[in-house]
Amino acid sequence: MSRLFPEAFRELRVQHIASSCRRLLDTVEAQAAQVAGGESPRLALLTSGPYSETYFEHAYLARCLGVPLVGGGDLTVRDDRVYLKTVEGLEPVHALLRRLDDQWCDPLELRADSTLGVPVLLQAVRAGRVVVANALGSACLGTPALQGFLPAISRALLGEELAMPSLPTWWCGEPAAWQALRGALDDKVARHTFPRRPGAPASGAPTIEAIEADPDVWTVQGRLAFSCAPPWRDGALHTRPAAGVPTTVSMQRGGTSMDTSVLTNGPVELFSMLPQRLGIDDILARRRPVASRTAENLFWLGRYTERTEQLVRLARATLTLIDSDTDAPPALLDAVSVLARDSGLAPAEVPGLARAPAVFERSVLAALTDTSGAFSIGFNLAALARAAGSLRERLSTEHWGLVQAMGEDFHAAFAPPPSHTRGVDALLAPPLPSAATALPALDRVAVQLAAVTGAQSDRMTRDHGWRLLTVGRFIERLVGLAQSFATLLDLAALDSEAGLDFALELFDSTITYRARYQRHQDFLAVVDTLVLDEADPRAFAGVLRRLRIELRKLPGPEALLDAWVARLPAEGAGLSIDALRSLHGDAGETALRWSLRALAHPLVQAGRRLSDDLGSHYFAHAGTDVPRRV
């Protein structure tokens, strides 16, 4: 509003919230200092996660306070102390600003089905090793019954009357209140005193018998007329209550919300959360470690981006091969069938291309947008969007918009026409898209994926989180390309010119190959392009070179990083150009193919093991020791 109506907003004198945030932060830091034992107190805001209807408020408050926004999975308790899991190890947390309901905070002692809390958190609280604000158990202050006692509480604690009158409230567990109220319920609303229990009757107008059966759980309040607000709808302003009905005042229960501004009679405070002059300690304090959950989402963002790109390229090459006006060799048809089944582009039970090309094509087209298949393009676009949705604070608006648009545009391209333009049979079974429809949609998503990859490469801070995103992308590329190359070799698909063209298309190296080997279609030249070329980011040697570089830049003991890098070939792709001299010619080509198989299959396993080890070390922190206090 300050941007759209700056003059009006300035004249209204809306008070800023920075001073309130500062008081909140100072209060919690003062409590946390007693726990920190001489260290600089570290705070975090505990959220219920992005699926909460108030998650935006959590993120906004964390940003205002300058503290990490963490979920239960980001924290762990060791020796009665709370730690934040980061890619650089466990960082102590001395205070939590809790935005998670009490009963979900500790699955070991409270709700066992909670996946939002931190196991053993209550033990750390009892041991006095962490400050929690609001304190666990303070939810009782949210009971409507308390409002009936507020006037007396104010007189007892403050010696004065309430500045704002309390809503008339009677707790039915107080015999005198219930007897005075018993015959006058018509103009009042009954609410649950405590969080609603399974099987309890709904709030609203319970019978006198229901209240008398268990009076403690009922609180009766006078009806409150809600303020009116002017919402904009259908091109005009309308008048409606700020909340629908008295019992629906929470977004969780279907209610709505509106911004509320606090006006001041005097000048607006210009207080800032930041000191006027930043010192070295202030600069260092703002270089936050990358939380493990954030790093894991970045790692999978890179993997899903690369995986989707490989699937799109395989789908395009497969559909183009099927609709080609030349007959492909049987070995290539068999290899494409295996690749499509292994990648999820076709069901495992569908007959292969050589046997039933029309059936195979229909299966591929039907599976493109299937979000239930764990390997389909539709599924991976959705997974990519979920990973990006958990990283909104890390991604630019354009980056996030691209990720959203990809899935929406892809599914829209395959949406059936309106029902009035189709026959009865088409209504019962929506028609499959044709290859002529699918190929432009695949071309479009390929361009969008290239833009997403560019945003990841050029528009993100080069911290350890970005490095894990990059490692994730290259691990996925190594596994996918090595597996595809091994399949093409095993089924002799590279013995034909069509097979070599297909491999170049899968590796996105056709332009590189044509620029280097004009008027040549040779197996050895393809091996040089797809395997040995360190300058090609999609050749084995190029992928392995980037992996070795990025792995060595990750945080961790040098011996551990060396062990990970040692699983990869020491140089290039593990097959030098000099080694090819002895394998050249008709007699040596068979040996060359065996050497390439012996190279490709271990690379697949090495990539998968690297993924598991990175997850265990940086995300799960399996076997991580508690940092020693100096």
Side-chain angles (χ1 to χ4, degrees), residues 17-48 57-100 102 105-106 116-138 271-295 393 463-465 555 621 624-630:
I17 65 172
S19 58
S20 298
C21 291
R22 183 73 258 176
R23 284 193 293 272
L24 172 62
L25 193 61
D26 288 344
T27 302
V28 178
E29 281 186 336
Q31 297 292 320
Q34 303 175 26
V35 175
E39 299 179 15
S40 178
R42 298 186 181 183
L43 281 61
L45 193 148
L46 179 59
T47 176
S48 49
E57 299 174 12
H58 305 173
Y60 185 84
L61 181 59
R63 193 175 300 119
C64 284
L65 298 177
V67 300
L69 182 66
V70 302
D74 294 319
L75 303 173
T76 185
V77 177
R78 308 279 178 89
D79 294 339
D80 295 341
R81 294 185 181 276
V82 178
Y83 293 91
L84 173 64
K85 294 185 286 188
T86 78
V87 297
E88 296 187 74
L90 300 179
E91 299 282 347
V93 174
H94 305 109
L96 290 173
L97 290 163
R98 182 172 64 86
R99 309 298 292 184
L100 177 64
D102 298 42
C105 285
D106 188 339
L116 305 175
V118 186
V120 205
L121 177 61
L122 263 66
Q123 179 58 33
V125 174
R126 280 193 294 266
R129 300 293 181 83
V130 65
V131 174
V132 178
N134 292 324
L136 290 161
S138 60
F271 176 81
S272 172
M273 287 291 290
L274 293 176
Q276 294 301 311
R277 293 176 64 90
L278 292 176
I280 297 298
D281 291 339
D282 298 313
I283 299 295
L284 294 176
R286 280 161 178 78
R287 294 180 180 176
R288 295 188 204 156
V290 179
S292 293
R293 178 175 58 92
T294 299
E393 75 280 3
D463 59 7
H464 293 314
H621 289 268
T624 302
D625 294 330
V626 175
R628 295 185 180 274
R629 303 182 69 186
V630 180

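Bear in mind that the values here come from a model prediction, so they are computed numbers and not experimental data. Heavy atoms only: backbone and side chains are in, while hydrogens, waters and symmetry mates are out.
- Every residue two or more places apart in sequence or in another chain that forms a side chain to side chain contact (heavy atoms under 4.5 Å, CB included) with A124 is listed here: V77, V82, V130.
- A distance of 5.0 Å separates CG of L90 from CZ of R78, quoted to the nearest 0.5 Å.
- A donor-acceptor contact shorter than 3.5 Å is absent between the side chain of K85 and the backbone of R293.
- D463 places a side-chain N or O within 3.5 Å of a backbone atom of G465 that can act as its donor or acceptor partner.
- Residues satisfying the side chain to side chain donor-acceptor pair (under 3.5 Å) test with R99, not counting sequence neighbours, are none.
- Here the shortest heavy-atom pairing between D74 and A291 reads OD1-CB, 4.4 Å.
- Residues that satisfy the side chain to side chain donor-acceptor pair (under 3.5 Å) test with Q123, not counting sequence neighbours, are R126.
- Under the rule for a side chain to side chain contact (heavy atoms under 4.5 Å, CB included), the partners of Q34 that lie at least two apart in sequence or sit in another chain are Q31.
- Listed by chain and number, the residues in a side chain to side chain donor-acceptor pair (under 3.5 Å) with H58 are T47, T54 (sequence neighbours excluded).
- Counting all heavy atoms, side chain and backbone alike, G128 lies closest to V35 at O-CG2, 3.8 Å.
- Checking side-chain atoms of T27 against main-chain N and O of R23 turns up a donor-acceptor pair under 3.5 Å.
- The distance from atom CG of L116 to atom SG of C105, rounded to the nearest 0.5 Å, is 9.0 Å.
- Taking 4.5 Å as the limit, every side-chain heavy atom of Y60 sits out of range of all side-chain heavy atoms of L69.
- Looking at R42 and E91, their side chains come closer than 4.5 Å, going by heavy atoms from C-beta outward.
- Contact between S138 and D102 at its shortest, heavy atoms only, is N-OD2, 3.7 Å.
- Residues V93 and A44 approach most closely at CG1-CB, 4.3 Å, considering heavy atoms.
- Closest non-hydrogen pair, P41 versus A33, comes out as CB-N, 4.1 Å.
- Scored by the salt bridge (Lys or Arg N to Asp or Glu O under 4.0 Å) test, R129 finds no partners at all (sequence neighbours excluded).
- Using a cutoff of 4.0 Å between basic side-chain nitrogens and carboxylate oxygens, R22 and E29 are scored as salt-bridged.
- Looking at L121, L43, L45 one by one, the single match for side chain to side chain contact (heavy atoms under 4.5 Å, CB included) with L96 turns out to be L121.
- Proximity of L65 to L25: side-chain heavy atoms (C-beta onward) are separated by under 4.5 Å at one or more points.
- Qualifying side chain to side chain donor-acceptor pair (under 3.5 Å) partners for S292, counting only residues two or more places apart in sequence or in other chains: H621.
- Side chains of L75 and L46 form a contact here, defined as non-hydrogen atoms less than 4.5 Å apart.
- Taking CG of L136 as the reference point, atom CZ of R98 lies at 5.0 Å (rounded to 0.5 Å).
- Taking the side chain to side chain contact (heavy atoms under 4.5 Å, CB included) definition, one finds that P555 meets it with V87, E88, H464, Y618, sequence neighbours left out.
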